[in-house]
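Single-structure report; data block below.
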Protein chains: 2
Amino acid sequence: MKKHKDYDCNLGCMVENTLEIIRGKWKGIVLTLLFDKCYRFNELQRQMPGVTQRILTKQLRELEQAGLVVREVLSLKPFAVCYSLTDLGRTLKPVMHCLKQWSLDHGHEVYALETVQD
Amino acid sequence: MKKHKDYDCNLGCMVENTLEIIRGKWKGIVLTLLFDKCYRFNELQRQMPGVTQRILTKQLRELEQAGLVVREVLSLKPFAVCYSLTDLGRTLKPVMHCLKQWSLDHGHEVYALETVQD
DNA sequence: CTGTATCCCGGAGGATACTG
DNA sequence: CAGTATCCTCCGGGATACAG
């Protein structure tokens with residue numbers, strides 16, 4: 001695991017700390033999904049078109065390391081696991097709401113400037 | 001400029017949209033700094049130990065493209081520019097506050113689990 | 001079903017030198 | 001002072017195949 005910050009910053013660092021946790025490409029979606037209910041591995045994958053097993057596993061492991069997500073083995077015979085949020089993970093709800101709200105309010109203004117026609 | 005999203009997602013996508021804008025390594029700090037006042041290029045660099053000119057320029061250009069930051073040439077004789085936030089950029093203040101607050105409230109809990117002694 | 005093991009690639013970030 | 005121009009490194013993300 002890598003160090004969180006390689007230098008001390010008393011300015012935007014707080015913001016960066018939080019950002020690093022949710023920086024992974026699929027972590028935002030994973031967390032958003034898990035706010036509602038716990039998910040099986042393949043349920044998650046189906047909700048996230050484009051992600052591969054390896055990457056999804058990786059994102060989940062990292063969220064687990066951060067203490068935001070819990071992996072629970074339900075059964076071994078038919079191998080089944082269940083991913084859910086920890087209490088700490090749940091505290092991110094207002095944060096994610098904040099991000100979502102901004103996108104709803106101002107996202108289109110950004111798009112207007114990015115205008116990509118590929 | 002790259003496409004914002006390569007697929008349509010109606011779940012965590014909103015969150016992702018906002019995250020992509022501030023994903024750059026130094027963007028959080030830049031924005032945080034610019035909330036207070038406008039900065040000269042080298043003022044910014046001095047506030048951000050570790051960043052190189054090239055990278056800082058890149059981050060600023062991207063924020064500019066997104067419509068969050070304005071670059072204003074103050075004078076040519078002694079070459080001077082000034083970076084400040086647009087109205088759109090300023091709307092990110094509550095979002096950044098949200099991220100910062102979470103770090104203050106729960107950041108240490110994450111650290112506790114990451115425990116890296118390198 | 002839920003992974004791990006390889007191999008691979010592009011791009012973000014960085015070091016350094018040069019410029020108007 | 002505020003940048004470009006090169007070149008380079010590293011790592012997140014992905015494709016694919018295999019495994020318990």
Side-chain angles (χ1 to χ4, degrees), chain A residues 1-7 9 16 19-30 34 38-66 69-84 116 118, chain B residues 1-7 9 12 16 19-30 33-34 38-66 69-84 116 118:
Chain A
M1 204 73 190
K2 64 169 192 290
K3 196 88 172 295
H4 208 169
K5 259 317 188 188
D6 41 355
Y7 71 96
C9 168
E16 290 303 314
L19 279 179
E20 269 191 33
I21 290 170
I22 50 183
R23 181 157 292 173
K25 181 167 178 182
W26 306 92
K27 290 182 185 171
I29 302 183
V30 169
L34 293 183
C38 68
Y39 275 84
R40 301 272 298 277
F41 184 84
N42 58 358
E43 282 179 324
L44 277 176
Q45 194 176 8
R46 250 176 291 138
Q47 297 293 327
M48 297 154 56
V51 75
T52 64
Q53 291 152 340
R54 200 184 85 87
I55 297 304
L56 180 52
T57 304
K58 204 157 154 265
Q59 304 278 308
L60 287 167
R61 291 290 175 279
E62 288 172 13
L63 290 171
E64 218 184 330
Q65 296 258 334
V69 162
V70 196
R71 175 177 180 272
E72 189 185 1
V73 178
L74 296 179
S75 71
L76 289 171
K77 265 284 299 296
F79 198 11
V81 299
C82 165
Y83 288 95
S84 56
V116 193
D118 61 341
Chain B
M1 207 73 189
K2 64 171 192 290
K3 194 91 171 293
H4 209 172
K5 261 314 187 191
D6 40 356
Y7 72 97
C9 167
E16 290 304 314
L19 279 179
E20 269 191 32
I21 290 171
I22 49 183
R23 180 157 292 172
K25 181 168 179 182
W26 306 93
K27 290 182 186 172
I29 303 181
V30 170
L33 286 167
L34 293 182
C38 68
Y39 275 84
R40 301 274 296 278
F41 184 83
N42 58 358
E43 281 179 324
L44 277 178
Q45 193 176 8
R46 249 176 291 140
Q47 298 294 326
M48 296 153 58
V51 74
T52 64
Q53 289 151 340
R54 200 184 85 87
I55 298 303
L56 179 53
T57 305
K58 206 160 153 261
Q59 304 278 308
L60 286 167
R61 291 290 176 278
E62 288 172 13
L63 290 171
E64 218 183 330
Q65 296 257 335
V69 163
V70 195
R71 174 178 181 271
E72 189 184 0
V73 178
L74 296 178
S75 71
L76 289 170
K77 265 284 298 299
F79 197 10
V81 298
C82 164
Y83 288 96
S84 55
V116 193
D118 63 340

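Each chain gets a letter, A, B and so on, in the order its sequence line appears, and its residues count up from 1.
Contact record, A:I21 with A:K27: O-CD, 3.4 Å, taken as the closest heavy-atom pair.
For A:I29 and D:dG13, the CD1 to P distance is 12 Å, given to the nearest whole Å. As a whole-Å value, the separation of A:L74 CG from C:dC1 P is 14 Å.
If you check every strand for non-hydrogen atoms under 4.0 Å, A:Q45 touches nothing. As judged by a 4.0 angstrom heavy-atom cut-off over every strand, B:Q59 is placed among residues touching the sugar-phosphate backbone only.
Ranking D:dA2, C:dC1, C:dG13 by closeness to the A:R40 side chain, first place goes to C:dC1. Closest to the B:I55 side chain, of the nucleotides C:dG13, D:dT4, D:dC1, is C:dG13. With distances taken from any side-chain atom of B:T52 to the nucleotides D:dA2, D:dG13, C:dG14, the minimum falls on C:dG14. If you check C:dT2, C:dG13, D:dG13 against the side chain of A:K58, the one that comes closest is D:dG13.
Checking the phosphate oxygens (OP1, OP2) of C:dT16, no side-chain nitrogen or oxygen of B:Q53 falls inside 4.0 Å. Contact annotation: B:K77 does not reach the phosphate of D:dC1 (side-chain N/O to OP1 or OP2, under 4.0 Å). A close approach under 4.0 Å does not occur between any side-chain nitrogen or oxygen of B:R71 and OP1 or OP2 of D:dA2. When the side-chain nitrogen and oxygen atoms of A:Y83 are compared with OP1 and OP2 of C:dG3, one or more of them lie within a distance under 4.0 Å.
Nucleotides of DNA chain C nearest to A:T57 and A:F79 differ in position, and the one nearer the 5' end is that of A:F79. If A:R23 and A:L60 are placed on DNA chain C by their nearest nucleotide, the residue sitting closer to the 5' end is A:L60.
With rounding to the nearest 0.5 Å, the separation of CD in A:E16 from CD1 in B:I29 is 5.0 Å. Between the CZ atom of B:F41 and the OG1 atom of B:T57 there is a distance of 3.5 Å, given to the nearest 0.5 Å. Of the inter-residue distances, the one linking B:K58 atom NZ with B:T52 atom OG1 reads 9.5 Å to the nearest 0.5 angstrom. Atom-to-atom distance recorded for A:L63:CG and A:L34:CG is 8.0 Å, nearest 0.5 angstrom.
Within 3.5 Å, a donor on the side chain of A:R54 pairs with an acceptor on the base of D:dG13, or the reverse.
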